[in-house]
Amino acid sequence: MPEVLLADFQVKRLEVLNEKGEADPELLPELSDAQIWRLYELMLLARIFDERAVALQREGRIGTYPPIRGQEAAQVGSAFALTKQDWLFPSFREMGAHLTLGYPIPQLLQYWGGDERSQKVPVGLNIFPFCVAVGSQIPQAAGAALAARYRRDPVAIVTYFGDGATSKGDFHEAMNLAGVFNLPLVFICQNNQWAISIPLKGQTASASLAQKAVAYGFEGVQVDGNDVFAVYRATGQAVAKARSGAGPTFIECLTYRMADHTTADDAGRYRSGEEVAFWAARDPILRLERFLERRGLWSPQKREEAAAQAAALVDAGVAEMEALPPPAATELFDEILATLTPRQAGQRKVR
Amino acid sequence: MPEVLLADFQVKRLEVLNEKGEADPELLPELSDAQIWRLYELMLLARIFDERAVALQREGRIGTYPPIRGQEAAQVGSAFALTKQDWLFPSFREMGAHLTLGYPIPQLLQYWGGDERSQKVPVGLNIFPFCVAVGSQIPQAAGAALAARYRRDPVAIVTYFGDGATSKGDFHEAMNLAGVFNLPLVFICQNNQWAISIPLKGQTASASLAQKAVAYGFEGVQVDGNDVFAVYRATGQAVAKARSGAGPTFIECLTYRMADHTTADDAGRYRSGEEVAFWAARDPILRLERFLERRGLWSPQKREEAAAQAAALVDAGVAEMEALPPPAATELFDEILATLTPRQAGQRKVR
Amino acid sequence: MAQLNMVQAINQALAQEMARDDRVLLLGEDVGRDGGVFRVTEGLLERFGRERVLDTPLCESGIMGAAIGMAAYGLRPVPEIQFLGFTYSAFEQLFAHAARLRSRSRGRYSCPMVVRTPYGGGIKAPELHEESTEALFCQVPGLKVVVPSGPYVAKGLLLAALRDPDPVLFLEPTRLYRLLREEVPEEEYLVELGKARVARPGSSVTVVAWGSMLERVLKAAEGYDAEVLDLLTLNPFDSEAIIASVRKTGRLVIVHEAAKTCGLGAEIAATVAEEAILHLRAPILRVTAPDVPVPLAKLIDHYLPGVQQIRTAIDDVLQY
Amino acid sequence: MAQLNMVQAINQALAQEMARDDRVLLLGEDVGRDGGVFRVTEGLLERFGRERVLDTPLCESGIMGAAIGMAAYGLRPVPEIQFLGFTYSAFEQLFAHAARLRSRSRGRYSCPMVVRTPYGGGIKAPELHEESTEALFCQVPGLKVVVPSGPYVAKGLLLAALRDPDPVLFLEPTRLYRLLREEVPEEEYLVELGKARVARPGSSVTVVAWGSMLERVLKAAEGYDAEVLDLLTLNPFDSEAIIASVRKTGRLVIVHEAAKTCGLGAEIAATVAEEAILHLRAPILRVTAPDVPVPLAKLIDHYLPGVQQIRTAIDDVLQY
Ligand SMILES: Cc1ncc(C[n+]2csc(CCOP(=O)(O)OP(=O)(O)O)c2C)c(N)n1
Ligand SMILES: Cc1ncc(C[n+]2csc(CCOP(=O)(O)OP(=O)(O)O)c2C)c(N)n1
Ligand SMILES: [Mg+2]
Ligand SMILES: [Mg+2]
């Protein structure tokens, strides 16, 4: 009758590839060498795209841009586990996921260039528009998952968000809906340990984000987010579970935002160079290179070649983006409603 | 390196008094017989107040009213652990807590009679107005706790809400703030297992509400909410902890809403008579009576006497409430702003 | 033809559209088992099952967000928010997402959904149960706002809203739910969105109203040669009909139960002051609630515009 | 006297009031260590410590709710919402609680707080960073809404807001943050809330504007005998000053960067059409953004009203 134990919850962390590039053979996902090389190429592409985007912003050729440096394993590894039938509800800092799913580079750049027209996601990709209002995409993903379940579509709905987003009511309400309706939904939290200047411990007192799933009655797991295999494995399991109707999963990818919050930010104001250096040494691309090297698949020259290829893709994307004519003023009125209101139509006429 | 255990969380349940009225001697709070009798009187008062309020509504003498029947132990037991210096942020269904703290009966009835003027909480009681927007009082309690901490006031801030409220973003944001700032805050969830027609399992997939605290890095505990000693003990510990600066606590009082959601509701539409009967047999007042009887403190006649006293108090309250003159139209403009805007002042003139 | 009240008319419209179109589904607090706190969705769970009528947890923002995701996926969700006063916490989803999904995705996704919610005062309910803040929503580009004034138009407007390709906020005047019965055809019919209805023709003053105020305006208009327009759609509102009437009458009174400042009456008045000022023979008067929060039951009748206030305004513009 | 930009003027007002009154404290995302994303609160954490300048988790509704609790407890919190577009999720707390706490408690509690937020367009930032939905808030009884148009008034208005016994929404036009410098006295001074300022006297047309539009209106007014009113407080707005000016000029143009429908321009026009119609010699024109969502950077200049549009409207009313 006294204090009784009501429940016991264990929260786990998945690691596959260590700093030295050694993989746990039991946990290493079944991926061919070609697939692993593809992961590497995509991570490099993400890195090079990101560097170029930052440079373009500095040159005034695009607008404010949020770098993904350091999060390539978390983004590429997770998106690699998806198919084009799955639905993706991103925040604004998962360009690595977009690239992995084949999102056109010019269009990504066009978005950060502030061009409305870029927001039309190509048909064939079930990706939602970038979402700047932190966390607000998460309940929308829950709705898509309800719809998919209603339609009996064997797809997974995936939503990305950051550590900061977990503080918002939207995250909570969506997690709760996912639990109650046992939705085919995968929550991928890019815990890059910062929300602009707020460090993780200023964001939550919980020791991990993974344990937040306990509140909603479904599985949460932390993965080493700089370990592309761990991310891929956890996501693969979660999407398979979702597609099979076995319910939602929350995945915390513990990673690090190596660059500024955006090009308008100066992270030097609020965090130490040592911390950044600590994480730079844990660069997810380096780690995969060490693994590949152990397998005899990598050399500095191979990197050069892959990087050159990626750079060429990005170059072409930049050129294509910059060749676009500026939008006309009437574009303001495009796709506002299926049919403009009389007042809108009148306003359009005088533009 | 493989799957590692990140953390282990145990969620506990506190029970002191069993159905037969036997108390665990180790856990029984240190309360004099007089105090225990006072608890009993307050629970009876809450019951009788509630019955009268429902009757008044049926007779058209007050408006829609949300009964508290079945929740007397959870409300009286928790409020009994507070002092008048503590701050209370209620929802709309804790009249038992109000009565325990000495809130005037006429004023409670006046509120449910739809009279603005009742909302002026008496000076000397740090109670916030009733809050109908479910959950929205919870972050406000977090703010008061921040203020109390800033002022170094050794007080506890307490907020009440239901199981339904735990689904709302406000609950989440406030719990998270409490964790991050280690606030002197006690969250008391009246889990009466229903939110209008939504049963607990339609509200959340988590096995208990207590485990929700895991997400925020602080202690959550379930108590038998029909056990006034368990509720008092848990609340007493939590408010002492808060006052001493040791941070927040979440208390789930597992109880049952024995009546309709409000007088406008018909619970027969959505729940079974058996369920209601099951819980009626677990009436918190009955249980305390059995305990008192074992101690030789109770008899049917003593109940009669106590009930008659409580009824007299309620009668007097009803009479006082009904003697109030109706509010004047200009009351619409009272206490809207410290100084009315010119437009408001003009509107007031023509009433 | 059956005599239905507004609750029945709305219920019938929902049932018919759900039967016709399997993309339509309902979600919200207590919409299933309980049939809604006003019984508007009564019987629909039994008829269409738990997958079409979803009882949700208590989370207005989550409900709205989920409806957006459903709509984008190809469904036509009908989220119910239990009272207009509880949409405030869903405002971000409604304003920044539902209304903008088409534009934010340049047409790749759209958001055909009908948000239903009881609206307005006069039912002697607790705080936040009698809000009439329609103008907040009329300000949102991309969102349509509709208010029926009786059972017949309720059914036709709701069917039109359910077939609209964009999001519609459907405000149901709570005071009218069971106040009046009208002949409501069993078969489907649409009342076009964006068009006002001449509720009563007249030639010396135009009175514009909607929702539960219409009934009071019609009472007040007795004995006057007043033209009463029932706006029906608040956004986009039928400025053409208003201006045509004002051209004829030269006088305009606008009646709404919301507070005055920045209410929809302001937009109507401003539109006329911009586009038809030469036709005005008197100031444009607004009869509204005062600029204070909606009070509790005992003061609500002092808050809502009454027949006498409307009459006074009509007299004022006529005698100007 | 120092030449300060608006960021510096606001920072100075905050610092001075915090030094004077220990009830004043700041909370919000990145307001501490980072000094705010626009550096408006720079140096205040260092000067006043972590208990007076609180870096919060990312939760706008929670921030607003917490500020209410602090205010009720006797403090004077200054919550910052990082951009106006992110207040939408805090709407319930602001609308149903902050603005009503005094009335809901019949004066037992009050809510003296100043919600600061960057506001308006023209900075080429991502979505929801350039909203100008002031009219949503002007509709809330119990909430004051203030918009400075330059560094001098920014300091004086903010100090007045910080001493106001009720909640004030203080909208800081982002485009102006560093656009202009003005002489700003070091010592404290108050600019009274609720009063408009004649930014430029004139006699043939009244132009009302606020915030970042004022600068454009002043440019547009060059060469005209236009009286330009800088509204400064949007709720309650200074209808007396507007009507007095319109009595003189007989013509009114209202300029705001928000979309037209249900913008604050509507309320101003409606008020004049109600109270001063006989003095009008021309329609009341509104120069506003179109009724579409605020676009991204490449279209923002097509969205915001420009000098030429304002001139055209002035010409139109003058030639009417
Ligand atoms: C609702 C909302 N509040 C504030 C902001 C401003 N803001 C943009 S990103 C950001 C931090 C987000 O942190 P996190 O969720 O960890 O994502 P990250 O930036 O690290 O990818 C903030 C505060 C916003 N965009 N949306
Ligand atoms: C934000 C909000 N949504 C909906 C409602 C309508 N409503 C009133 S009480 C209630 C259920 C609340 O359930 P719970 O939190 O468990 O409290 P209980 O009624 O059981 O005391 C609902 C949905 C409301 N008042 N506020
Ligand atoms: Mg982050
Ligand atoms: Mg409950």
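What's counted below: heavy atoms across the whole structure, side chains too, no hydrogens, waters or symmetry copies.
Using a 4.5 Å cut-off between heavy atoms, D:R286 touches chain C through backbone and side chain atoms alike. With a threshold of 4.5 angstrom between heavy atoms, C:A282 approaches chain D through N, CA, C or O but not through any side-chain atom. Proximity to chain D is absent for every atom of C:S61, based on heavy atoms less than 4.5 angstrom apart. Only the side chain of C:E127 comes within less than 4.5 Å of a heavy atom in chain D; its backbone stays farther off.
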Residues C:L128, D:F95; criterion side chain to side chain contact (heavy atoms under 4.5 Å, CB included); working and verdict: CA-CA 11 Å; C:L128 293 167; D:F95 196 155; over 6 Å; no
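Scored by the ring-ring contact (aromatic ring centres under 6.0 Å, His included) test, D:H256 finds D:W210 as partners (sequence neighbours excluded).
Annotation: maximal heavy-atom pairing with chain D below 4.5 Å, among C:N235, C:D291, C:I268, occurs at C:D291. Between chain D and the options C:A135, C:P295, C:A276, C:G142, heavy-atom pairs under 4.5 Å are most frequent for C:A135. With chain C as partner, the option from D:I254, D:T87, D:V292 having the largest number of non-hydrogen pairs under 4.5 angstrom is D:V292. Ranked by heavy-atom pairs under 4.5 Å with chain D, the list C:A269, C:P141, C:A90 is led by C:P141.
The existence of a salt bridge linking C:R100 and D:E131 is confirmed by a sub-4.0 Å separation between a basic side-chain nitrogen and an acidic carboxylate oxygen.
Closest approach of D:G85 and C:E92 over heavy atoms only: O-OE2, 4.4 Å. Across every non-hydrogen atom of C:C138 and D:C262, the tightest pair is CB-SG, 3.8 Å. The two residues D:I277 and C:L280 make their nearest non-hydrogen contact at CD1-CD1, 3.6 Å.
In this structure, the side chains of C:L285 and D:E274 come closer than 4.5 Å at one or more pairs of heavy atoms. Looking only at side-chain heavy atoms (C-beta outward), C:Q139 and D:T133 come within less than 4.5 Å of each other.
In this structure, CG in C:L264 is found 9.5 Å from OG1 in D:T261, a value given to the nearest 0.5 Å. Taking CD of D:E267 as the start and NZ of C:K260 as the end, the distance is 7.0 Å to the nearest 0.5 Å.
Taking the six-membered ring for Trp and thresholds of 30 and 60 degrees, C:Y88 and D:F91 have ring planes more than 60 degrees apart, a perpendicular arrangement.
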